[in-house]
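Notes follow once the structure below has been shown.
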Amino acid sequence: REIIEKTVWDAVGYQGALKFLNYAQKETTAGGACQTSSTSQSADTKAAWDVGAAMIIGDGYHSVLGRAQKRGVEFGTVGPAGVSKAYEKIMKLLRDGQEEKSCNDSGDEDLHEIYEKIEAQMRIVYCQSILKYAYKIDKELISNGSPKLDTVAEGQAMYRVIAGDIKAKASNAAAHFDSFFDINSLPTR
């Protein structure tokens with residue numbers, strides 16, 4: 001139950017945000033909302049960008065940015081103001097995306113480049129989550145001889161949020177994650 005609950009909880013916001021931001025940054029000829037010849041964003045582009053941003057921001061706790069803040073504190077990746085660096089970067093990129101007029105700008109960042117940078121920062125947040133649970137599993141193995149099922153379940157859930165991205169971008173690395181968070185058995189070492 002824990003795996004399903006946490007996977008859905010996080011994956012819906014993560015994948016939903018990427019779906020809307022992807023639609024906003026793609027040219028209309030490629031099935032998106034962005035108009036290359038326009039000097040301002042279309043209403044569809046603005047709406048898709050805003051919905052994607054809202055899904056990332058969420059309620060500040062049950063969202064990608066809420067998770068970024070928790071992991072930032074745990075990993076020591078908070079800025080001087082006490083805000084996660086990933087959180088700050090994502091917010092800056094979301095503002096840049098709202099202001100960008102071009103789908104494909106040869107000079108400044110265009111919507112596609114901004115989208116890619118947001119996606120990368122979101123992956124950082126979930127990689128930190130995976131590392132957190134991998135570390136907890138190791139500690140529990142050392143102290144108890146086996147990890148708690150909740151710890152394994154949460155680690156698997158955090159991995160499943162970005163498993164597709166990992167497999168698409170680094171299939172060799174995905175095999176290691178898959179074996180570590182094998183849903184059919186607990187780790188044996």
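Residue numbers count from 1 along this sequence. The analysis underlying the following values was restricted to heavy atoms, covering all of them including side chains, and did not include hydrogens, waters or symmetry mates.
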Just verifying a value: how many Å separate [X] [atom1] and [Y] [atom2], rounded to the nearest 0.5 Å?
X: M55; Y: S63; atom1: CE; atom2: OG; answer: 11.0 Å
X: I166; Y: N172; atom1: CD1; atom2: CG; answer: 12.5 Å
X: K26; Y: L111; atom1: NZ; atom2: CG; answer: 13.5 Å
X: I118; Y: N22; atom1: CD1; atom2: CG; answer: 11.5 Å
X: Y135; Y: T151; atom1: OH; atom2: OG1; answer: 13.0 Å
X: I114; Y: H112; atom1: CD1; atom2: NE2; answer: 11.0 Å

Of all the heavy-atom pairs spanning [X] and [Y], show the shortest one and how long it is.
X: L65; Y: I57; answer: CD1-CG1, 3.7 Å
X: I3; Y: Q156; answer: CD1-OE1, 2.6 Å
X: L141; Y: S146; answer: CD2-CA, 3.7 Å

*Between D10 and Y126, is any side-chain donor less than 3.5 angstrom from a side-chain acceptor?*
yes
_Is it the case that over 12 heavy atoms from other parts of the model lie below 6.0 angstrom from the NZ atom of K19?_
no
Side-chain heavy atoms under 4.5 angstrom apart, residues restricted to Ile, Leu, Val, Met, Phe, Trp, Tyr: same cluster for [X] and [Y]?
X: M91; Y: V51; result: no
X: I124; Y: V161; result: no
X: L21; Y: Y23; result: no
X: I56; Y: L18; result: yes
X: Y14; Y: Y115; result: yes

Counting only N and O atoms by type, is there a donor-acceptor contact under 3.5 Å from the side chain of [X] to the main-chain atoms of [Y]?
X: E140; Y: K148; result: yes
X: T45; Y: Q35; result: no
X: W49; Y: Q25; result: no

*asked:* Applying salt bridge (Lys or Arg N to Asp or Glu O under 4.0 Å), can you list everything that pairs with K6, at least two apart in sequence or on another chain?
replied: E2, E154
_Holding to salt bridge (Lys or Arg N to Asp or Glu O under 4.0 Å), I want the full list of residues that pass it with K89, two or more places apart in sequence or in another chain._
none
_Test salt bridge (charged side-chain N to carboxylate O under 4.0 Å, His left out) on R123 and E119; report intermediate values, then the result._
CA-CA 6 Å; R123 273 195 308 274; E119 184 179 15; 3.4 Å; yes
Just list the side-chain donor-acceptor pairs under 3.5 Å for residues 77-86, sequence neighbours left out, or say none.
| from | atom 1 | to | atom 2 | distance (Å) |
| --- | --- | --- | --- | --- |
| T77 | OG1 | Q128 | NE2 | 3.4 |
| S84 | OG | A68 | O | 3.2 |
| S84 | OG | A86 | N | 3.3 |
| S84 | OG | Y87 | N | 3.3 |

*Any chance you could lay out the side chain to side chain contact (heavy atoms under 4.5 Å, CB included) test for V73 and Q69, step after step, and finish with the verdict?*
CA-CA 6 Å; V73 169; Q69 188 61 21; 4.2 Å; yes
*asked:* Are K132 and M158 packed together at the side-chain level, in the sense that at least one heavy-atom pair is separated by less than 4.5 angstrom?
replied: no
*May I ask you to decide whether K117 forms a salt bridge with E113, counting only side-chain N to carboxylate O separations under 4.0 Å?*
no
